[in-house]
Trainee: 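Following this message is one structure expressed as structure tokens.
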Number of protein chains: 2
Amino acid sequence: MNVEEAIQLMKDKGFKHTDKRADMLQLFSAEKRYLAAKDVLEHMQGKYNGLSFDTIYRNLSVFTDLGILESTELDGEKKFRFTCAADHHHHHLICLDCGKTKHIEECPMDLFPVKKEGFHIVDHKFEVYGYCEQCEAPRG
Amino acid sequence: MNVEEAIQLMKDKGFKHTDKRADMLQLFSAEKRYLAAKDVLEHMQGKYNGLSFDTIYRNLSVFTDLGILESTELDGEKKFRFTCAADHHHHHLICLDCGKTKHIEECPMDLFPVKKEGFHIVDHKFEVYGYCEQCEAPRG
DNA sequence: GAGTTAAATCGGAATCATTCTTATCATATA
DNA sequence: TATATGATAAGAATGATTCCGATTTAACTC
């Protein structure tokens, strides 16, 4: 998925094209890492003075619903990134500082049976956390 | 670890014994599932009128630091349970409704190598979510 | 190209979980 | 029992997120 495809998908689903939405998608496409709502707001405020939090949150939610962005929750914050593989299940190694990721193909659910007597399993989360080279250095 | 051991550990570490702390530990020991701060508050308010949120949060934090409780973050809420195995690494299958858990012995980190070029790994999270029999039924 | 309609946005208030602050109180100890 | 220090109450403060009413704008119709 790229920005053009994302915008087309958005239109196909009946959402309107706006400059703010296009710019948000452009940002995520360029960054390819997890960003918090406030990161997005900061980045956009240069161009759009008085941009509302509501706009950011609403659009993040729209994009996530459409599968354009994927999200996770880290340290009490929702974070979003341009989906790196909308078509197949995967996991991430995530930099706790900048949100940069590495793709993890293996899924633990495929590798061993989780004893699930008396449970109806509906989801799972597997994430590995660390610091990338750029963020590790300053931490000494 | 049981309630008595937890209280002893608390005293050994220089924390004072109070009825509220003992009751909180009693609750977690009896429930053996993930509870949110507000669950604990509700449970305690019957006995202690005017109990402060601060007391709950501070004590949850003390217990977690001492390894008496283990915690996770689910749906924007911190949840706590009496540690089911303070001595060895493990994961959980968790009921999204009531917080009941099943122990998962296998750790994905042991089962396959996570390609970590350029990353310094410091942590990971593996949780399986579902609904237990009691909570599944009402959901129809 | 102007008019219409529903969606998008703004600005700020509201909410929810959590943390902080200050004064008061209770536990453990001398 | 007196004292010191930790624990608690009460409520304010914080931070992320959501909600709401009023206004603006994109997309469609004529």
Side-chain angles (χ1 to χ4, degrees), chain A residues 6-27 34-66 68-69 71-81 96 99, chain B residues 6-27 34-66 68-69 71-81 96 99:
Chain A
I7 290 179
Q8 191 55 51
L9 175 61
M10 191 174 76
K11 287 183 177 176
D12 291 348
K13 295 290 182 178
F15 293 95
K16 290 179 178 171
H17 175 282
T18 70
D19 288 350
K20 282 157 193 162
R21 282 177 173 169
D23 282 359
M24 281 180 66
L25 291 173
Q26 206 68 56
L27 169 65
Y34 277 111
L35 299 172
K38 66 169 181 296
D39 299 326
V40 179
L41 184 72
E42 276 170 24
H43 188 274
M44 305 265 297
Q45 271 179 333
K47 184 165 176 182
Y48 301 98
N49 210 293
L51 180 61
S52 170
F53 263 113
D54 190 58
T55 301
I56 301 292
Y57 280 108
R58 184 168 17 74
N59 291 340
L60 287 174
S61 167
V62 166
F63 295 150
T64 304
D65 288 348
L66 294 176
I68 294 167
L69 299 183
S71 75
T72 191
E73 200 166 330
L74 211 48
D75 202 29
E77 254 187 339
K78 286 178 187 160
K79 306 245 186 176
F80 303 83
R81 58 156 292 152
L96 292 171
Chain B
I7 289 178
Q8 192 54 52
L9 175 60
M10 191 173 77
K11 288 183 177 175
D12 291 348
K13 294 290 182 177
F15 294 95
K16 289 180 177 169
H17 175 281
T18 70
D19 289 349
K20 283 158 192 161
R21 282 177 173 168
D23 281 359
M24 281 179 67
L25 291 173
Q26 206 66 57
L27 170 64
Y34 276 112
L35 298 172
K38 67 168 180 297
D39 299 326
V40 180
L41 183 72
E42 277 170 24
H43 189 275
M44 305 266 297
Q45 271 179 333
K47 184 164 177 182
Y48 302 98
N49 209 293
L51 180 61
S52 169
F53 263 113
D54 190 59
T55 300
I56 302 293
Y57 280 109
R58 183 170 16 76
N59 290 340
L60 288 174
S61 167
V62 166
F63 295 151
T64 304
D65 289 349
L66 293 177
I68 295 169
L69 300 183
S71 75
T72 191
E73 200 168 328
L74 209 49
D75 202 28
E77 256 186 339
K78 286 178 187 158
K79 306 245 186 176
F80 302 82
R81 59 155 293 151
L96 293 171

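Just so it is clear: chains get the letters A, B, ... in the order the sequence lines come, proteins before strands, and each one is counted from 1. Only this structure's heavy atoms are used, side chains among them; waters, hydrogens and symmetry mates stay out. Remember, predicted model here, so these are calculated numbers, not experimental data.
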Trainee: Please confirm whether the shortest side-chain N or O distance from B:Thr55 to OP1 or OP2 of D:dA7 is below 4.0 Å.
Mentor: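 The answer is no; no side-chain N or O of B:Thr55 sits under 4.0 Å from OP1 or OP2.
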
Trainee: Side-chain N or O of A:Lys78 versus OP1/OP2 of D:dT18: is the shortest distance under 4.0 Å?
Mentor: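 Answer yes for this pair, as a side-chain N or O of A:Lys78 is under 4.0 Å from OP1 or OP2.
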
Trainee: Without decimals, in angstroms, what is the distance between B:Phe80 CZ and C:dA17 C1'?
Mentor: 11 Å

Trainee: Between B:Thr64 (side chain) and B:Leu60 (backbone), is there a donor-acceptor pair under 3.5 Å?
Mentor: yes

Trainee: Report the nucleotide, chosen from C:dC10, D:dT8, C:dA17, that has the shortest atom-to-atom distance to any side-chain atom of B:Tyr57.
Mentor: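 Shortest atom-to-atom distance from the side chain points to C:dA17.
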
Trainee: Quick check on C:dT9: is either OP1 or OP2 less than 4.0 Å from any side-chain nitrogen or oxygen of A:Asn59?
Mentor: yes

Trainee: Could you give the CG-to-P distance, from A:Leu74 to D:dT17, as a whole number of Å?
Mentor: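 Going from A:Leu74 (CG) to D:dT17 (P), I get 12 Å.
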
Trainee: Between C1' on D:dA7 and CZ on B:Phe53, what's the gap in Å once rounded to a whole number?
Mentor: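 About 18 Å, once rounded to whole Å.
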
Trainee: Can you list, by residue number, the residues of residues 36-47 of chain A that have a non-hydrogen atom closer than 4.0 angstrom to DNA chain D?
Mentor: A:Ala37, A:Lys38

Trainee: Looking at C:dT9, I'd like to know if its phosphate oxygens (OP1 or OP2) sit under 4.0 Å from a side-chain N or O belonging to A:Arg58.
Mentor: yes

Trainee: Using whole Å, report how far CG of A:Asp54 lies from C1' of D:dT23.
Mentor: 14 Å

Trainee: Do any N or O atoms from the side chain of B:Asp65 and from the backbone of B:Val62 form a donor-acceptor pair under 3.5 angstrom?
Mentor: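 Between the backbone of B:Val62 and the side chain of B:Asp65 there is no qualifying donor-acceptor contact (under 3.5 Å).
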
Trainee: How about B:Asp12: does its CG atom have over 12 heavy atoms from other parts shown lying under 6.0 Å from it?
Mentor: yes

Trainee: Which residues within residues 13-23 of chain A lie with some heavy atom under 4.0 Å of an atom in DNA chain D?
Mentor: A:Lys16, A:His17

Trainee: Closer than 3.5 angstrom, by distance alone: can the side chain of A:Arg21 be matched with the main-chain N or O of A:Lys16 as a donor-acceptor pair?
Mentor: yes

Trainee: Would a 4.5 Å heavy-atom cut-off, applied to side chains only, mark A:Tyr34 and A:Leu74 as touching?
Mentor: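 When only atoms from C-beta onward are counted, A:Leu74 and A:Tyr34 do not touch, as no gap falls below 4.5 Å.
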
Trainee: Given atom CD of B:Glu77 and atom P of D:dT17, what is their separation to the nearest angstrom?
Mentor: 15 Å

Trainee: Closer to the 5' end of DNA chain C via nearest nucleotide, is it A:Tyr48 or B:Lys11?
Mentor: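 Nearer the 5' end of the strand: A:Tyr48.
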
Trainee: Find out whether A:Tyr48 and A:Asp23 are in side-chain contact, i.e. whether some heavy atom of one side chain is under 4.5 Å from a heavy atom of the other.
Mentor: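 Yes, close enough: below the 4.5 Å cut-off.
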
Trainee: Rounded to the nearest Å, what distance is computed from the CG atom of residue A:Leu60 to the P atom of nucleotide C:dT9?
Mentor: 12 Å

Trainee: In whole angstrom, what separates B:Asp75's CG from D:dT18's P?
Mentor: 10 Å

Trainee: A:Lys20 and A:Leu51: which non-hydrogen atoms are nearest, and at how many Å?
Mentor: CD-CD1, 3.9 Å

Trainee: Which whole-number value in Å describes the distance from A:Asp65 CG to C:dA8 C1'?
Mentor: 16 Å

Trainee: Between A:Thr55 and A:Thr18, is there a side-chain heavy-atom distance shorter than 4.5 Å?
Mentor: no

Trainee: Can you confirm whether A:Met24 sits close enough to A:Ile56 that some side-chain heavy atom of one is under 4.5 Å from a side-chain heavy atom of the other?
Mentor: yes

